[in-house]
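Structure first, then comments.
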Amino acid sequence: MAETEAVALEQLPVDERLYRIRHSTAHVMAEAVLRIFPEAKVAIGPPIENGFYYDFDLPRNLTPEDLEQIEEHMRDIVAGDHQFIREVQSREAAAGLFADQPYKLELIRELPDDQEISTYTQNSFTDLCRGPHVDSTRRIHPKAFKLLSVAGAYWRGDEKRPMLQRIYGTAWENPKELRAHLEHLKQVEKRDHRRLGKELDLFSTHEEAGSGLIYWHPKGSRVRIAIEDYWRAVHREGGYEMLFTPHVGKAWLWQTSGHLDFYKENMYAPMVLDNAEYFAKPMNCPFHIMIYKTQMRSYRDLPLRWGELGTVYRYERSGVLHGLLRVRGFTQDDAHIFCTPAQIGDEIKEVLRFSLKVWDDFGFKQIKAYLATRPPKSVGDEDRWLTAQASLQRAIEDQGLDYELDEGGGAFYGPKIDIKIKDALGREWQMTTIQFDFNLPDRFDMSFIDSDGKEKRPYMVHRALLGSLERFFGVLIEHYGGAFPLWLAPVQALVIPVASAFDGYAREVAELLFRAGLRAEADLSDDRMNAKIRNAQAAKIPYMVIVGENEAQARSVSLRTRTGERSAGIAVDDFVRQMRDKVDSRAEI
RNA sequence: GCCAGGAUAGCUCAGUGGUAGAGCAGCUCACUCGUAAUGAGCAGGUCGAGAGUUCGAAUCUCUCUUCUGGCUCCA
């Protein structure tokens, strides 16, 4: 039985409309590709966020010019006003239809017996597809889609299966939305932390010195120090103690922790000293446990909240390295909480409140939590899991946080809350993780003496707020597009004399700001004032302090902010005080 | 790791077989200027590394390194 999609597109919610349009555009693209390569084998072509892709097995590799040609054919097909016709097929009929399409046959073979098999046909192309689609190709606006890139992709993501060619495209309801999306992509590129890192002289990586390893330049280090100072201050208030632990540990440690059994592929190869193997640490937890075990712990000592800015090394495959966001060496803002079963509810509540405050202070206002529960293969008593999961869930609900349940998504050693933040461009980043661990306390045989005099196992929670300083810095750069809020800016104020006759006063003003703890300097180069302002603007420096004859006379300053606001005749002392207040209150500018 | 595309001056990039280019940055000199680029001059490259083809290679071929975009959002 053949039928067209009868639903009126207009009556569907926008997500559903876009889903159908993108899905249908993928089919049109497949038809276009088959026109050019009749012998092509088609794989799968789903709609994705903002667009679609389709995987093909082709006789030769695609070039960017091919994409243009494919687009031409697509526009031609779309113009034909071809209906999308759905047909339910018997298993045999479907197998017959796709006799020369091995990927489709494999999909058909793997469909459950009771599943209805359907095909969709538009014009000359029939695809195995569950739908749904738009009713006709005329629903696809010829100027509202664009093919973006070609990429290799393994059939079913499996490295052992053939590598297919994937064409990515974006599709929208109308050309205006497409333009807006392309503009968004441009914005994303402009804010790319790798680009800004170079432009603003924040950090670098060096292939000849090892990829995936970050070098923090003076300007980047200033931001990092501002982040770390803040981080230490809030942790002090939050009742945390700070630890420093070694960067390497002997095999015994990683054997005991289980890392050598389960995490070895991600660890740097061992170095041998005195016939013993030492491994660079991929995690800080075993070291913190070593400190825990240096004494007998009483329930009166708990909870213990121990934090460390711990630098860890993990092997990542070369192809996945990416700027600051995916690296091989990074500093985690790690902490471990050891507590009694009775304390766990309050501790989790507190750690969650604490992380939300930190995100708020850094200017990230859109937060979403993901609660991951026990997976089928896992360790630990059932009641511990239940207690832990309940405390996580209660904490989320207490904070009134938007959250999703990820059933069975926890680690084998415990449930967790992951927090994702949305940046200024609406992209989600997974940063914070709050994770129970029922494994390490057992493996290291940790204990505390409870009020009843009995030895008991403490609860252990891992927690990283920012995740890693490198990755967080990358996200921060992109979130602010390099225009850091005043309290984080590498240069908070730049003093600019209108002519070199006022260099002395400029230096004096900069010195006053510097002594008040501000990151301030004077631009005494022999550029003209206008050029200095331009440079400062390009460096996204929040405050440009202009001084000349009038200011030197009156011991005042004139200002220009990077947002273009101007003011004049402010007494120097007042200005220093105002700057100090703004920095202390973490004002954006 | 795999697929594709890159790698040319500090940065951004042009240069498709015949003696390496531009803009910015740097340096020197002049200019002393009131809120987004003063002018002139100078210097700067084993064209990612190695091998090959050729009278001749940044350019063609091969190998390697490395960067970028991807590599189950499942018909």
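To find a chain, count down the sequence lines: A is the first, B the second, and so on, and within it residues start at 1. These figures come from a predicted structure and were not determined experimentally.
- Rounded to an integer number of Å, the gap from A:D523 CG to B:A37 C1' is 13 Å.
- A:K532 comes within contact range of no nucleotide atom at all, as no heavy-atom separation falls under 4.0 Å.
- Remark: A:R130 does not engage A:E116 in a salt bridge, criterion side-chain N to carboxylate O under 4.0 Å.
- If you find the closest nucleotide of RNA chain B to A:D158 and to A:C129, the one lying nearer the 5' end belongs to A:D158.
- Using a 4.0 Å heavy-atom cutoff across all strands shown, A:A499 reaches at least one base atom of the nucleic acid.
- With RNA chain B read from its 5' end, the first of the two nearest nucleotides for A:H322 and A:L164 is the one closest to A:L164.
- As judged by a 4.0 angstrom heavy-atom cut-off over every strand, A:G51 is placed among residues making no nucleic acid contact.
- B:C42 and B:G50 have their P atoms separated by 32 Å, with the value rounded to a whole Å.
- Counting any heavy atom pair closer than 4.0 Å across all strands shown, A:Y103 reaches no nucleic acid atom.
- B:A7: Watson-Crick or G-U partner is B:U65, with both key distances under 3.5 Å.
- When the P atom is compared between B:U19 and B:U12, the two are found 28 Å apart, to the nearest whole Å.
- Rounded to whole Å, atom C1' of B:U12 lies 16 Å from atom CZ of A:R194.
- Both the sub-6.0 Å distance and the 45° axial angle are not jointly satisfied by A:R471 relative to the ring of A:W429.
- Considering only the side chain of A:I533, B:A36 comes nearest among B:C71, B:A36, B:C2.
- Distance, A:D192 CG to B:U68 C1': 10 Å, rounded to whole Å.
- Shown here are the side-chain contact (heavy atoms from CB on, under 4.5 Å) partners of A:V312, two or more places apart in sequence or in another chain: A:K281, A:N284, A:R314, A:F330, A:Q332.
- Across the protein-nucleic acid pair, A:E189 atom CD and B:U12 atom P stand 13 Å apart, rounded to whole Å.
- Using a 4.0 Å cutoff on non-hydrogen atoms, the parts of residues 549-573 of chain A near RNA chain B are A:E549, A:N550, A:E551, A:S558, A:L559, A:R560, A:R566, ordered by number.
- RNA chain B lies under 4.0 Å from at least one heavy atom of each of the following residues of residues 536-547 of chain A: A:Q537, A:I546.
- With a cut-off of 3.5 Å on both pairing distances, the Watson-Crick or G-U wobble partner of B:C2 is B:G70.
- Across all strands shown, A:I108 has no heavy atoms under 4.0 Å from either base or sugar-phosphate atoms.
- Distance check on atom C1': B:C64 versus B:C24 gives 34 Å, rounded to whole Å.
- Comparing B:A22 with B:U61, their C1' atoms are spaced 31 Å from each other, to the whole Å.
- Atoms CE (A:M163) and P (B:G69) sit 16 Å apart, rounded to a whole Å.
- Between the C1' atom of B:G34 and the CG atom of A:L494 lies a distance of 16 Å, rounded to the nearest Å.
- Under the side-chain contact (heavy atoms from CB on, under 4.5 Å) criterion, A:A32 pairs with A:I70, A:H73, A:M74, A:I77, not counting sequence neighbours.
- Look at the P atom in both B:U38 and B:A25: the space between them is 9 Å, to the nearest Å.
- Heavy atoms of A:M529 sit under 4.0 angstrom from primed sugar atoms or phosphate atoms, though from no base atom.
- For the C1' atoms, the distance from B:A7 to B:G45 is 14 Å, rounded to whole Å.
- Using a 4.0 Å heavy-atom criterion, one finds that A:R166 contacts the sugar-phosphate atoms exclusively.
- For A:V134 against A:S24, the heavy-atom pair with the smallest separation is N-OG, 3.2 Å.
- Ring-plane geometry between A:F484 and A:Y480 is classed as tilted, the angle between the planes lying from 30 to 60 degrees on a 0 to 90 degree scale.
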*Stepwise, does the side chain to side chain donor-acceptor pair (under 3.5 Å) test hold for A:N50 with A:T170?*
CA-CA 6 Å; A:N50 299 328; A:T170 184; over 6 Å; no
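- Cation-pi contact between A:K420 and A:Y370: present, with separation from the ring centre below 6.0 Å and deviation from the ring axis of at most 45°.
- Base contact: A:Q115 has a heavy atom under 4.0 Å from a base atom.
- Atom name C1', nucleotides B:G69 and B:G10: the rounded distance is 26 Å, in whole Å.
- At B:A4, none of the side-chain N or O atoms of A:Y154 fall inside 4.0 Å of OP1 or OP2 (strictly under the cut-off).
- The side chain of A:R528 contributes no N or O atom lying less than 4.0 Å from OP1 or OP2 of B:C33.
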*asked:* With salt bridge (charged side-chain N to carboxylate O under 4.0 Å, His left out) as the criterion, how do A:D55 and A:R166 come out once you've worked through the C-alpha distance, each side chain's angles and the decisive distance to 0.1 Å?
replied: CA-CA 4 Å; A:D55 289 344; A:R166 173 171 299 179; 2.6 Å; yes
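- B:U46: no Watson-Crick or G-U partner with both key distances under 3.5 Å is found in any strand.
- Under the Watson-Crick and G-U wobble criteria, each requiring two contacts below 3.5 Å, nucleotide B:C60 is paired to B:G52.
- Going from atom CD1 of A:I167 over to atom C1' of B:C71 covers 16 Å, rounded to whole Å.
- Within the 4.0 angstrom heavy-atom criterion, no nucleotide atom of any strand lies near A:Q89.
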All N/O donor-acceptor pairs, side-chain side in residues 541-553 of chain A, below 3.5 Å, sequence neighbours left out:
from	atom 1	to	atom 2	distance (Å)
A:Y543	OH	A:K582	NZ	2.8
A:E549	OE2	A:Q553	NE2	3.3
A:E551	OE1	A:G548	N	2.9
A:E551	OE2	A:S558	OG	2.6

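- Between the side chain of A:Q492 and the main chain of A:R519, a donor-acceptor pair closer than 3.5 Å is present.
- One finds a side-chain N or O of A:K198 lying less than 4.0 angstrom from the OP1 or OP2 phosphate oxygen of B:U12.
- B:U16 and B:G56 are spaced 15 Å apart, taking the C1' atom of each and rounding to whole Å.
- Using N1 to N3 plus N6-O4 or O6-N4 for Watson-Crick, or N1-O2 and O6-N3 for G-U wobble, each under 3.5 Å, B:A30 pairs with B:U38.
- Nearest nucleotide to the side chain of A:V320, out of B:C71, B:U35, B:C31: B:C71.
- At whole-Å resolution of the value, CG in A:D503 and C1' in B:C33 are 13 Å apart.
- For B:A25, there is no paired base (Watson-Crick or G-U wobble, both distances below 3.5 Å).
- The shortest non-hydrogen separation linking A:M267 to A:P282 is CG-CG, 3.7 Å.
- A centroid separation of 6.0 Å or more is found between the aromatic rings of A:H217 and A:F203.
- Of the residues in residues 41-49 of chain A, A:I44, A:P47, A:I48, A:E49 come within less than 4.0 Å of RNA chain B through at least one heavy atom, sorted by number.
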